[in-house]
There are 2 protein chains.
Amino acid sequence: MSAAQISAPTAAAPAHKIRVILADDHPVVRDGLAAILNRQPDMEVVAEAADGEEATELYNRHQPDVMVLDLRMPKRDGVAVVQMVLAAHPHARLLVMTTYDGDEDIFRCLSQGAKGYLLKDSPRTEILSAIRAVSEDRPYASSSVASKALQRMAKPSLTQRELGVLQLLAEGRSNKDIARRLSITEGTAKTHVKAILTKLDAISRTEAVAVAHKRGLVRL
Amino acid sequence: MSAAQISAPTAAAPAHKIRVILADDHPVVRDGLAAILNRQPDMEVVAEAADGEEATELYNRHQPDVMVLDLRMPKRDGVAVVQMVLAAHPHARLLVMTTYDGDEDIFRCLSQGAKGYLLKDSPRTEILSAIRAVSEDRPYASSSVASKALQRMAKPSLTQRELGVLQLLAEGRSNKDIARRLSITEGTAKTHVKAILTKLDAISRTEAVAVAHKRGLVRL
DNA sequence: CGGCGCCTATCTCAAAAGGGGTAGATCGGC
DNA sequence: GCCGATCTACCCCTTTTGAGATAGGCGCCG
């Protein structure tokens, strides 16, 4: 394939450039994305945000065609930014980006209306394709994520309560400790833990935590 | 402090540019670093590697002044690259970079002779300072890492065997399972687990795994 | 209204994990 | 040669965890 074909995708002379905001807490990543996008004749980086709060503000101020959002950011994470921006701008086109596939929050973002999802280790061409797709209101997802989405559908999902218990489980708390923190009896805590073990197909709490980490259900 | 002072550090007209190789599996990060470095009058990116094997090869071919190395890469991780490059070139100046502080492998790299360590979310000026320091054979470490190094000294370290047991622990294995896999008795496995709990100051195996994750002693 | 899912709570019983201490074998360094 | 660290292994005893079953209260939806 030729690079020229990718660089000048739909029209030889674009009517207007795709206006993009970048939101990522790593200066290096912002510079890298900016360098890639600014080489394109049909794209323009209009602002950069270093955290979630800034991302929300800058979206309101600039109303870009696309915002590229890191999932994990200080102050306000990707999920929260997606919620807040879409509440104010229902037609906002958001492309969520993260380091790890398998992060459960991807699905939270997509189900809340983010238009696309991208892995940070994607090649440049894929990043550009994704931005162009999202800018035209077409959905985009890395293939590795699309397949995970299907796997995930099959598996039973945890309730909110169970996710809370799982978080404490991952911190190494005992049943008694979990019960105290959630103001329930130890017996009930055990009931929740048993449900978690069943749903995650784990034999022990420690294995459940390992599975939860792999699936991105909990964070450190 | 002025930016000019940082940009033109020692000499107004550098006798020769600092030749740098970048090794990171994320194209975006490579582009970002390249963009930052190529803006400097005293630096030059001579090659880029997308994995550990490539990094080793390119070092041998180009013999740069500094190689910036991601800790986690496909095929050969940062620790292995540090070992192999230093075996062939004992005076190589390597700057290790990673996303997370608290990664135990940082200390493995540094103790094996890497000259500096840097967090990926560092500001541009810090990245440049680090590269200049390392190029002059001066050590460099992010302040957050320097403080962790001290904390770490105080705490007891795990033996090789214990690290092996800890890895299995983190995968959710039972004592019986651990014993089978390591060809030791269950009683011995319990002895190791008890030692781990004591050293990590944890009450339960699950808490020990949580601590191990935080300290980067195990990986998923 | 009748389910259905969720949270709560209880019971019993077996298995696993954890706390304490002891001790032989091996290996490397002072 | 002796000491210390490590790996191995065992003892006893208590606490925690996990399997299985059951059930009331509550809110939501067809």
Side-chain angles (χ1 to χ4, degrees), chain A residues 104 107-108 111 152-215 217-218, chain B residues 104 107-108 111-112 152-213 215 217-218:
Chain A
E104 189 74 7
F107 303 109
R108 299 239 304 276
S111 69
R152 183 171 170 274
M153 291 304 170
K155 289 174 184 169
S157 58
L158 302 191
T159 66
Q160 277 310 111
R161 195 50 151 179
E162 284 160 359
L163 282 174
V165 172
L166 180 58
Q167 182 64 46
L168 292 170
L169 217 51
E171 290 168 14
R173 311 289 173 193
S174 67
N175 291 334
K176 197 173 295 188
D177 217 353
I178 292 170
R180 206 174 317 116
R181 282 163 193 264
L182 299 181
S183 302
I184 55 180
T185 66
E186 186 182 349
T188 303
K190 289 181 76 170
T191 304
H192 288 314
V193 171
K194 273 184 287 193
I196 292 169
L197 294 188
T198 303
K199 287 185 180 178
L200 295 187
D201 195 28
I203 305 173
S204 68
R205 58 179 51 222
T206 314
E207 190 185 350
V209 171
V211 171
H213 271 119
K214 276 187 199 140
R215 291 215 212 154
L217 290 168
V218 293
Chain B
E104 188 74 6
F107 302 109
R108 299 240 305 275
S111 69
Q112 272 162 19
R152 184 171 169 275
M153 291 304 169
K155 289 174 184 168
S157 57
L158 303 191
T159 66
Q160 277 309 109
R161 195 50 150 177
E162 285 160 359
L163 282 175
V165 172
L166 181 59
Q167 181 64 47
L168 293 169
L169 218 52
E171 290 168 12
R173 310 290 173 193
S174 66
N175 291 334
K176 197 172 295 188
D177 218 353
I178 291 169
R180 207 174 318 117
R181 282 164 192 264
L182 299 180
S183 302
I184 55 180
T185 66
E186 186 182 348
T188 303
K190 288 181 77 168
T191 304
H192 289 313
V193 170
K194 274 186 287 192
I196 292 169
L197 294 188
T198 303
K199 288 185 180 178
L200 295 186
D201 194 28
I203 305 173
S204 69
R205 59 177 51 218
T206 315
E207 190 185 350
V209 171
V211 172
H213 272 119
R215 290 214 212 153
L217 290 167
V218 293

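This one's a predicted model, so the numbers in the text were calculated from it and none came from an experiment. Below, chains carry the letters A, B, ... as their sequence lines are ordered, and counting in each starts from 1.
- With a heavy-atom cut-off of 4.0 Å to chain B, the contacted part of DNA chain D has its first and last nucleotide at D/dT6 to D/dC10.
- The NE2 atom of B/H213 sits 13.5 Å away from the CD atom of A/E171 when rounded to the nearest 0.5 Å.
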Fill in: Pair A/T159-A/E162, side-chain contact (heavy atoms from CB on, under 4.5 Å): steps then yes or no
CA-CA 5 Å; A/T159 66; A/E162 284 160 359; 3.3 Å; yes
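- In this structure a side-chain-to-backbone donor-acceptor pair under 3.5 Å is present from A/R205 to A/R173.
- Taking NZ from A/K190 and NZ from A/K176, the interatomic distance works out to 10.5 Å, rounded to the nearest 0.5 Å.
- When all heavy atoms of B/A170 and B/V218 are compared, the pair lying nearest together is CB-CG2, 4.0 Å.
- In this structure, B/I196 atom CD1 and C/dG18 atom P are separated by 11 Å, rounded to whole Å.
- Along DNA chain C, the nucleotide closest to B/R173 and the one closest to A/K199 are compared, and the more 5′ of them pairs with A/K199.
- Atoms NZ and CD1, from B/K194 and B/I196 in turn, are 12.5 Å apart once rounded to the nearest 0.5 Å.
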Item to complete: Would you sort out whether A/L217 and A/L166 count as a side-chain contact (heavy atoms from CB on, under 4.5 Å), showing the intermediate values?
Response: CA-CA 8 Å; A/L217 290 168; A/L166 180 58; 4.0 Å; yes
Shorter than 3.5 Å, N or O on both sides, protein versus nucleotides 26-28 of chain C: list them out with atom names.
none

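- Atom NE2 of residue B/H192 and atom CG of residue B/L197 lie 13.0 Å apart, to the nearest 0.5 angstrom.
- As a whole-Å value, the separation of B/K176 NZ from C/dG18 C1' is 16 Å.
- Fit an axis to the five pairs at each end of the helix from C/dC1-D/dG30 to C/dC30-D/dG1 and the two axes sit 40° apart, to the nearest 10 degrees.
- Residue A/R205 contributes atom CZ, which lies 13 Å from atom C1' of C/dG18 at whole-angstrom precision.
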Worksheet entry | Under 4.0 Å protein heavy-atom contacts per nucleotide of nucleotides 7-13 of chain C, with B for base, S for backbone only and - for none | SBBB---
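- The CD1 atom of B/I203 sits 8 Å away from the P atom of C/dG19 (whole-angstrom rounding).
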Discussion item. Using the rule given for side-chain contact (heavy atoms from CB on, under 4.5 Å), can you reason through A/V165 versus A/L168, listing the C-alpha separation, both sets of side-chain angles and the distance that settles it, and then say yes or no?
Written reply: CA-CA 5 Å; A/V165 172; A/L168 292 170; 5.8 Å; no
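- A/E207 is linked by a salt bridge (charged side-chain N to carboxylate O under 4.0 Å, His left out) to nothing, counting only residues two or more places apart in sequence or in another chain.
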Review item, side-chain donor-acceptor pairs of residues 178-187 of chain A, under 3.5 Å, at least two apart:
{"residue": "A/R180", "atom": "NH1", "partner": "A/D177", "partner atom": "OD1", "Å": "3.1"}
{"residue": "A/T185", "atom": "OG1", "partner": "A/T188", "partner atom": "N", "Å": "3.2"}
{"residue": "A/T185", "atom": "OG1", "partner": "A/T188", "partner atom": "OG1", "Å": "3.0"}

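- Of all heavy-atom pairs between B/A208 and B/L200, the closest is O-CD1, 3.7 Å.
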Discussion item. Could you walk me through whether A/D201 and A/V211 satisfy the side-chain contact (heavy atoms from CB on, under 4.5 Å) test, starting with their C-alpha distance in whole Å, then the side-chain angles of each, then the deciding distance to 0.1 Å, before giving a yes or no?
Written reply: CA-CA 9 Å; A/D201 195 28; A/V211 171; over 6 Å; no
